[in-house]
Protein chains: 2
Amino acid sequence: MQHLSIFNGISQEELSRMLRCFHAVQKTFRRGQQIQTYSSSLKKIGILLSGKAHLYCVDFDGSYTLLERFGPDDLFGEMFSLPLWGLEYIVEADTDCQVLFVLYEDIIKRCPNACDHHSQLSDNLFQIITRKSQALSLRINLLTARTVRQRLLHYLTYQQKLKGEGSFSIDMSLTELAEYLGVDRSSLMREIRVLKSEGALASKGRLFSLSGNLPWQTRKKNGGSS
Amino acid sequence: MQHLSIFNGISQEELSRMLRCFHAVQKTFRRGQQIQTYSSSLKKIGILLSGKAHLYCVDFDGSYTLLERFGPDDLFGEMFSLPLWGLEYIVEADTDCQVLFVLYEDIIKRCPNACDHHSQLSDNLFQIITRKSQALSLRINLLTARTVRQRLLHYLTYQQKLKGEGSFSIDMSLTELAEYLGVDRSSLMREIRVLKSEGALASKGRLFSLSGNLPWQTRKKNGGSS
DNA sequence: CTTCATCTGTAGCATTTGCCACAGTTTTGT
DNA sequence: ACAAAACTGTGGCAAATGCTACAGATGAAG
């Protein structure tokens, strides 16, 4: 458990003492169970120890929107989503998973006991929320692109940079990717098909490989003669 | 200056001592000037004391995308955007503005001097980045809506909840709103026009007022008779 | 091995959207 | 007061997108 980034730099021994010190509660959830609904509890932070989960909200019209996906080391809680907004927020387990609950105050405030690693803990916490913020910015950058083509190309180029040269395979299923990019799945498939036909990329399933210069613009086909 | 949320709970006197302690630098910028480009400096945090600014990035294809807007009390720096990604990030002043620069380490780490308000400071910092994260989530929630109509209605409904009953006027110009919603400006105007013709809302300029039940769906006009 | 569920891939069509281009209005700056 | 810039508002048109439906592929569970 001490490998978690929020507990970085804190020994196992120290950790167990601290966990007791700030009333940490560990629970196990089954696939499909609701882990947390954002309504009552104020500053409760959930730390996903193992498994996968996701946060979605029930919209005005009853439809639900996927907001975030969580893997090991991820944090969630009303602090990280919006406090206002009359919607219902629900964290649900995608697989069986273990969750640790703590209160923000207990982490950030110094405790009466001699646990002097609290400052290390708040540093870790800050780093994590910072990374989350970066991830959100990244997605926004993708979503503000107007066309499916641009969003896809943005995403793939970024993955390319991450995974190094040559072909690479993406983490999510194409269905998930479509949702992540905020486009219809079939539209995404269509765009992939078109890009392939243009020779801009090669792909099979989740495996992609990009060619040199990518055709970001399709519209504006003003290249007509005369 | 002590009214800023990052300096909440810290007296003016204490503050000036701390500012010296962690090498804070205050600068003034003119409208249109570049405040910071994200490239070299690692953990530098900018605190906007007065004025307005915005963060944008230069994309692969040379186009620029607006990422965030900043007002008083807002923080910016490479920590809050993405570190990777070969793009250029630039913070630019919209109006004349004053900025305070500090280093993350100097805030989060305890200093040799007797400044014991550092924990208060890190708490404030955490609250701020948390609010920023919430704002990003909110925008993502808007951007994942598929149609212009849904995005606009989402946004307006949210504003309605914020500003209370009756008519309300939005903070940005319609041009800015279009960019915020990630849609073409004329498309936004068109949708407003259509919604007005449907009686779903009334508006003049930035002033809106919504009617009872809103028509989220346009497509799927299976309501035809016979 | 078989069954069931999820995912990948394709296609047609109506709708929506982006992209101009232009005119009137408001705001800003000098 | 005047000029310049930014903003609001409208229209047409081609292109992009979402929606629906279906079929094969893949993978998980019994």
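Throughout, a chain's letter reflects where its sequence line sits, starting with A, and its residues are numbered from 1.
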> Any side-chain N or O of A/Thr175 less than 4.0 Å from the OP1 or OP2 oxygen of C/dT8?
Replying inline: yes
> According to a strict under-4.0 Å criterion, is A/Arg146 in side-chain N/O contact with OP1 or OP2 of D/dT17?
Replying inline: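 Checking D/dT17 against A/Arg146, no side-chain N or O comes under 4.0 Å of OP1 or OP2.
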To the nearest Å, give me how far apart [atom1] ([X]) and [atom2] ([N]) are.
X	N	atom1	atom2	value
B/Met189	D/dG11	CE	C1'	13 Å
B/Arg149	C/dT16	CZ	C1'	11 Å
A/Gln150	D/dA16	CD	C1'	12 Å
A/Leu207	D/dT26	CG	P	14 Å
A/Leu174	D/dG27	CG	P	13 Å
B/Arg190	C/dT16	CZ	P	10 Å
A/Asp94	C/dT6	CG	C1'	14 Å
B/Met172	D/dA6	CE	C1'	17 Å

> 5'-most contact on DNA chain D: B/Arg31 or B/Gly205, nearest heavy atom basis?
Replying inline: B/Arg31
>> Both A/Val183 and A/Lys204 contact DNA chain D. Taking the nearest nucleotide for each, which residue is further toward the 5' end?
In response: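 The 5'-side residue here is A/Val183.
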>> What I want to check is whether the side chains of B/Tyr56 and B/Glu92 have a donor and an acceptor closer together than 3.5 Å.
In response: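 There is such a pair (donor and acceptor under 3.5 Å, judged by atom type) between the side chains of B/Tyr56 and B/Glu92.
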>> Classify B/Ser187 by what it touches in the nucleic acid, base, sugar-phosphate, or nothing, heavy-atom distance under 4.0 Å.
In response: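 The residue B/Ser187 makes base contact.
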> What is the nucleic acid contact for A/Arg151, judged by heavy atoms within less than 4.0 Å: base, sugar-phosphate only, or nothing?
Replying inline: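 It contacts nothing in the nucleic acid.
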Does a salt bridge link [X] with [Y], judged by any charged N lying under 4.0 Å from a carboxylate O?
X	Y	answer
B/Glu198	B/Arg149	yes
B/Glu68	B/Lys132	yes
A/Arg131	A/Asp73	no

>> Suppose we call a contact any N or O donor and acceptor under 3.5 Å apart; does that hold for the side chain of B/Arg193 and the base of D/dG11?
In response: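 No pair found.
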> Any donor-acceptor pair under 3.5 Å between the side chain of A/Arg185 and the base of D/dG18?
Replying inline: no
> Around atom NZ of B/Lys27, are there more than 12 heavy atoms of other residues, nucleotides or ligands at under 6.0 Å?
Replying inline: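 No.
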> Between B/Gly182 and A/Ser173, which has a closest nucleotide on DNA chain C that is more 5'?
Replying inline: A/Ser173
> Which of the following nucleotides, C/dT17, D/dT17, D/dT10, is nearest to the side chain of B/Ser186?
Replying inline: D/dT10
